[in-house]
Amino acid sequence: MENQYAIEMLNITKRFPGIVANDNITLQLRKGEIHALLGENGAGKSTLMSVLFGLYQAEEGVIKKDGNEVSIKDPNDANALGIGMVHQHFKLVECFTVLDNIILGVEPNKMGFLQKKEARRKVLELSQRYGLHVDPDAKIEDITVGMQQRTEILKMLYRENEILIFDEPTAVLTPQEIDELMNIMRNLAAEGKSILFISHKLAEIMAVADRCTVLRKGKYIGTVETAETTMEALSAMMVGRDVNFHVDKQESNPGDVILKIENMTVASKVHKNNAVKNVSLEVRAGEIVCIAGIDGNGQTEFVHGLTGLEKLVSGKITLMGEEVTKAPIRRRSLLGMSHIPEDRHKHGLVLDYSLEDNIVLQRYFEPEFTKSGFLRRKNIRSYAEKLIEQYDIRSGQGPVTMARSMSGGNQQKAIVAREIDKDPKLLIAVQPTRGLDVGAIEYIHKQIVAERDAGKAVLLVSLELDEVMDVSDRILVMYEGEIVGELDPKQTTPEELGLYMAGAKREGE
């Protein structure tokens, strides 16, 4: 009988300083199936996949492909075996074009000369065939995260990989792009490719996966057929308790205007048009205003202009009654602006600093943490320990853990803890639950609502329709850099919101 498993990972154990990331885990992937890997942040999912892709070596256990034991010492070995991986944080060269990134490492050449024409033809053919539309000549730094992800998928398809690993593939995508990706995955599986899909979005797992394996705190909990289970059962397996999927909150009671933006225009780095066009809005104390929209409609530039990361072309920003249009970032911070950024690696953390140093990044100069120009290390450590405990930030070595070595979800929790604990007057939260598991999402949403109830102004920027509908008190839809509608989440439907986001509907039409 032919072996039905494309990949078997048997009794895999992987240790890091202070932590057993994978504790005797067995995972079997059938040929032509989509197999989901579910677990909390830091449960060991990415580690297990990194062992399969050759980025890490397991201390114990064996890997079999098509029934034969194989040795995978590095990603080149994995590629030779037909295993490809799309990483949670993309592995792309920012200043290269899409095409250069796709062929990197397997460049077609004749007598030492690069043959890009043939490569371009193959890439365009693949992008047509799988509906992965990309511009091969665009630079990575100029395209949206959704486009970057398509580039990563094309990289695997270009190498003709048979086993495809998707690590949190939808964490950075819009609802429309997620639907597209699901279709692409189904098509790939129908062609006989075997897919491992790491996610903590239960609805997606139920929609696309054939089977699901659950990990918790580095241990194997079980494998179930998705057709025979429920979201509630999966979440209980994953977190070890029942999770509330709905955000409980009272009616909002808006007070004074905390943030006022008048006629804000921000230039685009990608094209000649402005990315944000003449936007005006107010956020009051005690309300959560959400800016909803499909990725790439000016939200990123809007937030950069508001927080001081970009200069405005024109317009005026007032915070707590003081004009801050040209104020430095620290001044905005001291006035009470907190910012949970969209890109946690680029703008949220210094990856080679310890967790404790990242936690006091915007407050190290305060008397509590500095005396006569010297850092008060003891105070910094006890403050970091307090937040680690409070926000359940999991890290191998506590406050001294390098930020780089933590899981994406725990990096996110560290940023959220730092920004909320500053006791801001205005909390700007951009994709605050991106890449978090259901338990952590529930917790962060509670924190955001608690900030609102404590009289803070919250400006939420989100691509998650559920989050937009559930958490916000007012929704402003941004399309092509303009606010095209203001909606009340209690009066609108996800379908209507989707029409505004897609530009099919505008206020007053």
Side-chain angles (χ1 to χ4, degrees), residues 1-10 12 26-38 45 48-54 62-72 75-87 102-103 105-106 108 118-119 121-134 149-170 173 177-199 201 204-213 223-228:
M1 181 191 140
E2 195 206 0
N3 188 342
Q4 60 167 340
Y5 294 117
I7 288 287
E8 294 173 88
M9 300 184 78
L10 308 171
I12 300 290
T26 291
L27 172 71
Q28 294 171 308
L29 172 68
R30 291 181 186 149
K31 289 173 184 169
E33 83 163 336
I34 300 176
H35 193 117
L37 191 55
L38 176 69
K45 310 179 295 292
L48 188 67
M49 291 302 98
S50 295
V51 167
L52 178 57
F53 193 58
V62 293
I63 299 175
K64 290 183 175 179
K65 179 171 189 269
D66 300 329
N68 304 314
E69 196 174 318
V70 291
S71 159
I72 304 176
N76 291 334
D77 288 353
N79 270 317
L81 288 165
I83 301 169
M85 182 165 179
V86 172
H87 299 268
I102 291 171
I103 63 175
V106 288
E118 178 57 26
R121 191 189 57 72
K122 184 172 170 183
V123 166
L124 289 171
E125 200 176 276
L126 286 168
S127 79
Q128 281 303 113
R129 181 163 150 207
Y130 293 105
L132 290 159
H133 303 297
V134 292
Q149 181 167 54
R150 289 180 203 172
T151 307
E152 281 276 23
I153 298 170
L154 283 167
K155 223 159 85 175
M156 293 198 297
L157 298 175
Y158 184 83
R159 286 163 176 70
E160 294 172 8
N161 295 136
E162 288 302 306
I163 289 132
L164 312 179
I165 306 167
F166 289 87
D167 186 357
E168 296 288 347
T170 61
L173 300 187
E177 286 172 331
I178 289 171
D179 291 342
E180 278 171 30
L181 179 69
M182 297 287 153
N183 279 328
I184 290 162
M185 284 165 70
R186 288 188 192 100
N187 294 343
L188 290 168
E191 285 194 0
K193 295 192 188 296
S194 311
I195 297 175
L196 278 164
F197 166 47
I198 302 182
S199 179
K201 294 188 181 171
E204 289 168 13
I205 287 176
M206 298 299 286
V208 80
D210 301 307
R211 293 190 303 152
C212 176
T213 291
T223 300
V224 292
E225 299 275 343
T226 47
E228 293 162 15

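Positions are given from 1 along the sequence.
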State, with a plain yes or no, whether a side-chain heavy atom of [X] is found less than 4.5 Å away from one of [Y].
X    : Y    : value
L181 : I153 : yes
D167 : M49  : no
Q28  : Q4   : no
L52  : L196 : yes
I83  : N161 : no
Q128 : H133 : yes
I12  : L27  : no

Checking [X] now: which residues fulfil side chain to side chain contact (heavy atoms under 4.5 Å, CB included) with it, not counting sequence neighbours?
X    : answer
E225 : R30, R211, E228
D210 : E33, I34
R129 : E191
V62  : L10, E69

- Message: Whether E125 and R121 form a salt bridge (side-chain N of Lys/Arg under 4.0 Å from carboxylate O of Asp/Glu) is what I want to check.
- Response: yes

Contact summary for [X] and [Y], nearest pair of heavy atoms:
X    : Y    : result
V86  : M156 : CG2-CE, 3.5 Å
L164 : L188 : CD1-CD1, 3.6 Å
I205 : S199 : CD1-O, 3.9 Å

Using atom types as modelled and distance alone, determine if a side-chain donor or acceptor of [X] lies under 3.5 Å from a backbone N or O of [Y].
X    : Y    : answer
R159 : I102 : yes
K65  : V70  : no
T226 : A209 : yes

- Query: For F166, which residues count as a ring-ring contact (aromatic ring centres under 6.0 Å, His included) partner, sequence neighbours excluded?
  - Reply: none

- Item | Under the ring-ring contact (aromatic ring centres under 6.0 Å, His included) test, residues paired with H35 that sit two or more places apart | none

- Message: Could you check whether K122 makes a cation-pi contact with Y158, meaning its NZ or CZ is under 6.0 Å from the centre of the six-membered ring and within 45° of the ring axis?
- Response: yes

When rounded to the nearest 0.5 angstrom, what is the spacing between [atom1] in [X] and [atom2] in [Y]?
X    : Y    : atom1 : atom2 : result
K31  : I163 : NZ    : CD1   : 9.0 Å
L37  : I165 : CG    : CD1   : 10.0 Å
I184 : D179 : CD1   : CG    : 11.0 Å
L48  : T213 : CG    : OG1   : 9.5 Å
I103 : L154 : CD1   : CG    : 13.0 Å
H87  : I198 : NE2   : CD1   : 10.0 Å

